[in-house]
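Report on one structure; see the data block that follows.
Heads up: numbering here begins at 1 and tracks the sequence. Just so it is clear, the model here is predicted, and its values are computed rather than measured.
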Amino acid sequence: GATELAVLSVVNRYAELNGVLDSNANVRAYFVDSGNSVLGGRMGTNGRVPSGSVAVAVKVEATYDTFIANVIGFPTLTASAIGQGRYGSVGSATGLVPLSVRQFDFVFDQPYSLWDNDPPGLFDISPGQRGYVYLDGLSNGGNKIKDWMANGYPGVVTVGSLLDGKPGTVDVVVQDAYDRIVQGNGRQFVIVPLYDNAPVPPFHISGFAAFELTEAVFRGTDKYIKGKFVKMLVSHADFGGTVDTGLTTIKLTLPATLP
């Protein structure tokens, strides 16, 4: 949703923070599409962010005075460098927690019950299932479910994966959610897999979303985990997502051929 001038402002600011003098004169930036072709003209001349933009390519030039080369008639030399960063929806990720949510049009920053001992209709979970998923694709081992909730799954899960669910209630998972909230320092933000098929395992993973844990009750009969979906930029992920869930990633890529 950023404007062209807002993007250009950020590009110039980072260039100047890294030692570029007069970024308006020495920095040229362009929008790039998924085919690695430049869209429109130099950034700042298009009047908008061109449709189909998925990357930003930047060329930086610096002219400096010489010492030895000056003797042979080159008082100044110009050096240049090109870099490109691509952004997009997450298609594969690591560090997930083992709580799945059926894909729906959630509203950011609105309270939701991510998990409940008595499954709410919102997530439409089949009888006996509570949303737990075996992120490694192997249907065994309750201890690893607990470890993934506490520390995140160390492997990679990709859109299109089929994951089995673990039935029943795992109290320690809810307690780990509570511990994350108490500890804070960013641990209250987790990434959950989304599925888009009928609420019967195996679950077909259709995307990923960031969720901020705000409340968890792990004692008594009424156990639940609550919070809100948030927009987040992550580095431990890759492209390939087909649904905009607010979870995006940025990677350095081979630059396009610039004008």
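One hydrophobic cluster, built from ILVMFWY side chains closer than 4.5 Å, cannot hold both Val10 and Val54; they sit in different ones. Linking Ile, Leu, Val, Met, Phe, Trp and Tyr residues whenever their side-chain heavy atoms come within less than 4.5 Å leaves Met43 and Tyr30 in two separate clusters. Criterion: ILVMFWY side-chain heavy atoms under 4.5 Å apart, direct or through other members. Under it, Val38 and Ile82 are part of a common hydrophobic cluster. Under a hydrophobic clustering in which Ile, Leu, Val, Met, Phe, Trp and Tyr are joined whenever their side-chain heavy atoms come within less than 4.5 Å, directly or via other members, Phe218 and Val172 fall into the same cluster. The hydrophobic clustering, which links ILVMFWY residues whose side-chain heavy atoms are closer than 4.5 Å, places Val56 and Ile250 together.
Checked against a 6.0 Å centroid threshold, the rings of Tyr112 and Phe104 count as neighbours.
The closest donor-acceptor contact from the side chain of Thr94 to the backbone of Gly155 lies under 3.5 Å. Looking at Thr66, its side chain does come within 3.5 Å of a backbone N or O of Phe74 through a donor-acceptor pair. Under a 3.5 Å cut-off, the side chain of Arg180 and the backbone N or O of Arg187 do form a donor-acceptor pair. Using modelled atom types, no side-chain atom of Lys223 and backbone atom of Ala216 make a donor-acceptor pair closer than 3.5 Å. Looking only at distances, no side-chain donor or acceptor of Glu212 sits under 3.5 Å from a matching main-chain atom of Gly227. A donor-acceptor pair under 3.5 Å links the side-chain atoms of Gln188 to the main chain of Gly186, judged by distance alone. Counting only distance, with no hydrogens or angles, the side chain of Gln84 and the backbone of Ala256 share a donor-acceptor pair below 3.5 Å. A donor-acceptor contact shorter than 3.5 Å is absent between the side chain of Asn26 and the backbone of Val60. Of the possible polar contacts, one joining the Thr245 side chain to the Phe208 backbone as a donor-acceptor pair under 3.5 Å is found. The main-chain N or O of Pro193 is never found under 3.5 Å from a side-chain atom of Ser100 such that the two would form a donor-acceptor pair.
Residues Ser34 and Arg86 are in side-chain contact: their nearest non-hydrogen atoms beyond the backbone lie under 4.5 Å apart. Counting only heavy atoms from C-beta outward, the side chains of Phe203 and Ser161 never approach each other to under 4.5 Å. Looking at heavy atoms from C-beta onward, Ser80 lies in side-chain contact with Lys59 at the 4.5 angstrom threshold. Between Val234 and Leu247, some side-chain heavy-atom pair lies under the 4.5 Å cut-off.
Across every non-hydrogen atom of Val32 and Ala57, the tightest pair is CG2-CB, 3.9 Å. The shortest heavy-atom contact between Ile225 and Leu99 is CD1-CD1, 3.8 Å. Between Tyr224 and Ser113, the closest heavy-atom pair is CB-OG, 4.5 Å. Nearest heavy-atom pair across Asn46 and Gly41 is OD1-N, 2.8 Å. The minimum heavy-atom distance linking Gln110 with Lys228 is given by the pair O-CB, 3.4 Å. Considering every non-hydrogen atom in both Ala15 and Val27, the closest pair reads CB-CG2, 3.7 Å.
For the atom pair Leu17 CG and Asn12 CG, the distance stands at 11.0 Å (nearest 0.5 Å). If you take CG on Leu138 and CG on Asp136, they are separated by 4.0 Å, rounding to the nearest 0.5 Å. Taken from OH in Tyr195 to CG in Leu163, the straight-line distance is 12.0 Å, to the nearest 0.5 Å. Here the straight-line distance linking atom OG1 of Thr3 with atom CG of Leu8 works out to 9.5 Å at 0.5 Å rounding. Note: Ile191 CD1 to Met232 CE = 6.5 Å, rounded to the nearest 0.5 Å. The distance from atom CG of Leu162 to atom CG of Asn197, rounded to the nearest 0.5 Å, is 7.5 Å.
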Next item on the list: Report the C-alpha distance between Lys144 and Tyr134 in whole Å, list the side-chain angles of each, state the deciding distance to 0.1 Å, and finish with yes or no for side-chain contact (heavy atoms from CB on, under 4.5 Å).
Entry: CA-CA 9 Å; Lys144 59 186 180 183; Tyr134 287 107; 3.6 Å; yes
Next item on the list: Please report the C-alpha distance between Ile181 and Thr214 in whole Å, then the side-chain angles of each, then the deciding distance to 0.1 Å, and finally whether the side-chain contact (heavy atoms from CB on, under 4.5 Å) criterion is met.
Entry: CA-CA 6 Å; Ile181 296 169; Thr214 59; 5.6 Å; no
Next item on the list: Please assess Val101 against Phe106 for the test side-chain contact (heavy atoms from CB on, under 4.5 Å), listing each intermediate value before the final yes or no.
Entry: CA-CA 11 Å; Val101 177; Phe106 53 77; over 6 Å; no
Item checked: From CA spacing to verdict: side-chain contact (heavy atoms from CB on, under 4.5 Å), Leu194, Asp196 -> CA-CA 7 Å; Leu194 308 176; Asp196 62 0; over 6 Å; no
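Ion pair Asp176/Lys146 flagged as a salt bridge, since at least one NZ, NE, NH1 or NH2 atom sits closer than 4.0 Å to an Asp/Glu carboxylate oxygen.
Side-chain contact of Glu61 with Thr78: a donor-acceptor pair under 3.5 Å is absent, judged by distance alone. Side-chain contact, Asn151 with Asp147: a donor N or O sits under 3.5 Å from an acceptor N or O.
Shown here is Phe239, whose CZ atom has more than 12 heavy atoms of other residues, nucleotides or ligands within 6.0 Å. In Leu21, the CG atom is not crowded: 12 or fewer heavy atoms of neighbouring residues, nucleotides or ligands sit closer than 6.0 Å. Heavy atoms of other residues, nucleotides or ligands lying less than 6.0 angstrom from CG of Asn185 number 12 at most. The number of heavy atoms from other shown groups lying within 6.0 Å of CG (Leu254) does not exceed 12. Sparse packing is recorded around NZ of Lys231, with 12 or fewer heavy atoms of other residues, nucleotides or ligands lying under 6.0 Å away. Heavy atoms of other residues, nucleotides or ligands lying less than 6.0 angstrom from OH of Tyr87 number more than 12.
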